[in-house]
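A, B, ... follow the sequence lines: proteins, then strands. Residue 1 opens every chain. As the structure is a prediction and not an experimental result, all values here were calculated from the model.
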Number of protein chains: 2
Amino acid sequence: MVQELQIFQQHLSKTGRKVTQERIEIAKAFLSTEGHITADELLQKLQRSGVAVGRATLYRTLAVLCEAGLAVKRQFDEGTARYERLYGHKRHDHLVCTRCGKIIEFESPLIERVQQEVFLAHDFLAHSRRVELYGLCKECRE
Amino acid sequence: MVQELQIFQQHLSKTGRKVTQERIEIAKAFLSTEGHITADELLQKLQRSGVAVGRATLYRTLAVLCEAGLAVKRQFDEGTARYERLYGHKRHDHLVCTRCGKIIEFESPLIERVQQEVFLAHDFLAHSRRVELYGLCKECRE
DNA sequence: CTGCTTGCAAAGTATTTGCACTCTT
DNA sequence: AAGAGTGCAAATACTTTGCAAGCAG
């Protein structure tokens with residue numbers, strides 16, 4: 001996380017932005033999170049640690065984190081976006097339990113191949129993908 | 001489409017709902033659409049044909065169409081939901097151009113297999129999936 | 001006639017933006 | 001000191017809901 005924080009600060013400077021207390025606090029809170037967090041959850045996490053930042057600043061900083069390549073914004077099938085750490089994480093896809101909301105990450109070399117074939121077949125220049133499998137986890141079936 | 005309309009009417013009756021003019025008009029407009037339409041696009045389509053229904057009714061009817069298994073609601077990476085016809089359509093996935101927004105449907109038996117393997121490996125009961133590949137189409141690269 | 005439906009307008013979410021004030025650089 | 005950044009509140013975008021009036025069964 002230390003390394004990510006440095007990247008973040010460098011990114012701020014490099015893009016002519018200022019390294020503010022708020023941005024650092026938000027970045028720290030986000031970078032000490034595993035999994036997939038919503039803006040609101042992150043705000044609550046900050047408030048619990050006694051840090052009070054405005055919602056606007058939160059959203060603005062999350063956008064910068066994405067820009068810096070440290071986060072990705074994802075829309076699962078709720079109405080709300082979730083943010084996921086990117087740095088040092090392997091490319092992966094998601095398995096989601098439709099009852100309890102649990103999200104499991106998985107990797108599949110086979111999907112990589114399918115992806116390439118489809119892009120090739122339709123003459124697309126690959127950019128990214130989103131693969132989500134929805135089902136019921138073991139616990140939720142009991 | 002005739003068949004789908006019948007299914008819709010049956011579903012309405014079966015669930016103790018009324019077969020109203022509005023519902024029929026909305027269903028007709030939706031079922032005569034190929035591809036992936038937003039609520040707003042559908043509303044405009046209706047207005048162009050001289051049918052004036054309220055937004056609320058539109059949303060309510062789309063929900064019933066989904067319930068009846070004739071439509072699916074999908075969130076692509078915009079903020080807006082899109083509705084897709086389901087009846088008689090093969091299971092497929094989507095290839096999306098990030099510049100022009102074009103959506104191409106494709107099928108891949110290989111993905112079916114990957115899906116089953118992942119569900120098995122994590123002991124999930126399969127429900128559905130969402131696979132979207134994002135890239136630049138040929139036209140948008142020129 | 002009963003009560004589900006409709007359309008309007010108001011309320012909800014999630015996120016963005018304008019603006020006066022504050023803090024990095 | 002200059003101007004980017006902050007928080008608030010208002011604005012936006014999409015969707016849902018309460019309610020009085022309308023229409024299907």
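Contacts between residues 7-16 of chain A and DNA chain C, defined by a heavy-atom separation under 4.0 Å, are absent.
Here B/R23 pairs with nothing under the side-chain hydrogen bond (donor to acceptor under 3.5 Å, both in side chains) rule; sequence neighbours left out. Listed by chain and residue number, nothing satisfies the side-chain hydrogen bond (donor to acceptor under 3.5 Å, both in side chains) test with B/Q6 (two or more places apart in sequence, or in another chain). Remark: A/K73 pairs with A/C66, A/A81, A/Y83 by the side-chain contact (heavy atoms from CB on, under 4.5 Å) rule, at least two apart or across chains. Contacts of B/H11 classified as side-chain hydrogen bond (donor to acceptor under 3.5 Å, both in side chains), with partners at least two apart in sequence or in another chain: B/E67. When the side-chain hydrogen bond (donor to acceptor under 3.5 Å, both in side chains) test is applied to A/Y134, the partners found at least two apart in sequence or on another chain are A/E132. In this structure, the side-chain contact (heavy atoms from CB on, under 4.5 Å) partners of B/Q3, at least two apart in sequence or on a different chain, are B/Y87.
One interatomic measurement links the two molecules: CD of A/Q21 to C1' of C/dT24, which rounds to 11 Å at whole-angstrom precision. When the C1' atom of D/dT16 is taken as reference, atom CG of B/L62 falls 13 Å away, rounded to whole Å. For the pair A/E25 CD and D/dT6 P, the computed distance is 12 Å after rounding to whole Å. Look at CZ on A/R23: it is 10 Å from P on C/dT25, rounded to the nearest Å. Note: CG (B/L43) to C1' (D/dA13) measures 15 Å, nearest angstrom. Going from atom CD1 of B/I26 over to atom P of C/dT5 covers 13 Å, rounded to whole Å. The separation between A/L58 atom CG and D/dG5 atom P is 16 Å, rounded to whole Å.
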Residues 40-47 of chain A, side-chain donor-acceptor partners within the protein, below 3.5 Å, at least two apart:
| unit_1 | atom_1 | unit_2 | atom_2 | d |
| --- | --- | --- | --- | --- |
| A/D40 | OD1 | A/R55 | NH2 | 2.5 |
| A/D40 | OD2 | A/Q44 | NE2 | 3.0 |
| A/E41 | OE1 | A/T38 | N | 3.0 |
| A/E41 | OE1 | A/R82 | NH1 | 3.4 |
| A/K45 | NZ | A/A29 | O | 3.2 |
| A/K45 | NZ | A/S32 | O | 3.3 |
| A/K45 | NZ | A/S32 | OG | 3.2 |
| A/K45 | NZ | A/T33 | OG1 | 2.9 |

Validation: residues 102-112 of chain B side-chain donor-acceptor distances under 3.5 Å, sequence neighbours left out:
| unit_1 | atom_1 | unit_2 | atom_2 | d |
| --- | --- | --- | --- | --- |
| B/K102 | NZ | B/E139 | OE1 | 2.8 |
| B/E105 | OE2 | B/H36 | NE2 | 3.3 |
| B/E105 | OE2 | B/H92 | NE2 | 3.4 |
| B/S108 | OG | B/L110 | N | 3.4 |
| B/S108 | OG | B/I111 | N | 3.2 |
| B/E112 | OE2 | B/R129 | NH2 | 3.2 |

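Side-chain N/O atoms of B/T57 include none lying less than 4.0 angstrom from OP1 or OP2 on C/dT5.
In terms of position on DNA chain D, the residue among A/A52 and B/E22 whose nearest nucleotide sits closer to the 5' end is A/A52.
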Anything under 3.5 Å between a protein N or O and an N or O of nucleotides 15-18 of chain C, put it in a table, one pair a line.
| unit_1 | atom_1 | unit_2 | atom_2 | d |
| --- | --- | --- | --- | --- |
| C/dT15 | OP1 | A/A81 | N | 3.0 |
| C/dT15 | OP2 | A/Y59 | OH | 2.6 |
| C/dT15 | O5' | A/Y59 | OH | 3.4 |

Check nucleotides 1-3 of chain C against the protein and report each pair of N or O atoms closer than 3.5 Å, with its distance, or say if there are none.
| unit_1 | atom_1 | unit_2 | atom_2 | d |
| --- | --- | --- | --- | --- |
| C/dG3 | N2 | B/K18 | NZ | 2.9 |

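Between A/K138 and B/H122, every side-chain heavy-atom pair lies at or beyond the 4.5 Å cut-off. No side-chain heavy atom of B/Q21 sits less than 4.5 Å from a side-chain heavy atom of B/V51. The closest side-chain heavy-atom distance from A/L95 to B/F119 is below 4.5 Å.
Overall bending of the helix from C/dC1-D/dG25 to C/dT25-D/dA1, expressed as the angle between end axes built from five pairs apiece, is 30° (10° steps).
The hydrophobic clustering, which links ILVMFWY residues whose side-chain heavy atoms are closer than 4.5 Å, places A/V96 and B/L125 apart.
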Exercise for the section: Would you sort out whether A/I26 and A/F8 count as a side-chain contact (heavy atoms from CB on, under 4.5 Å), showing the intermediate values? Expected result: CA-CA 11 Å; A/I26 293 171; A/F8 182 53; over 6 Å; no
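Heavy atoms of other residues, nucleotides or ligands lying less than 6.0 angstrom from CZ of A/R113 number 12 at most.
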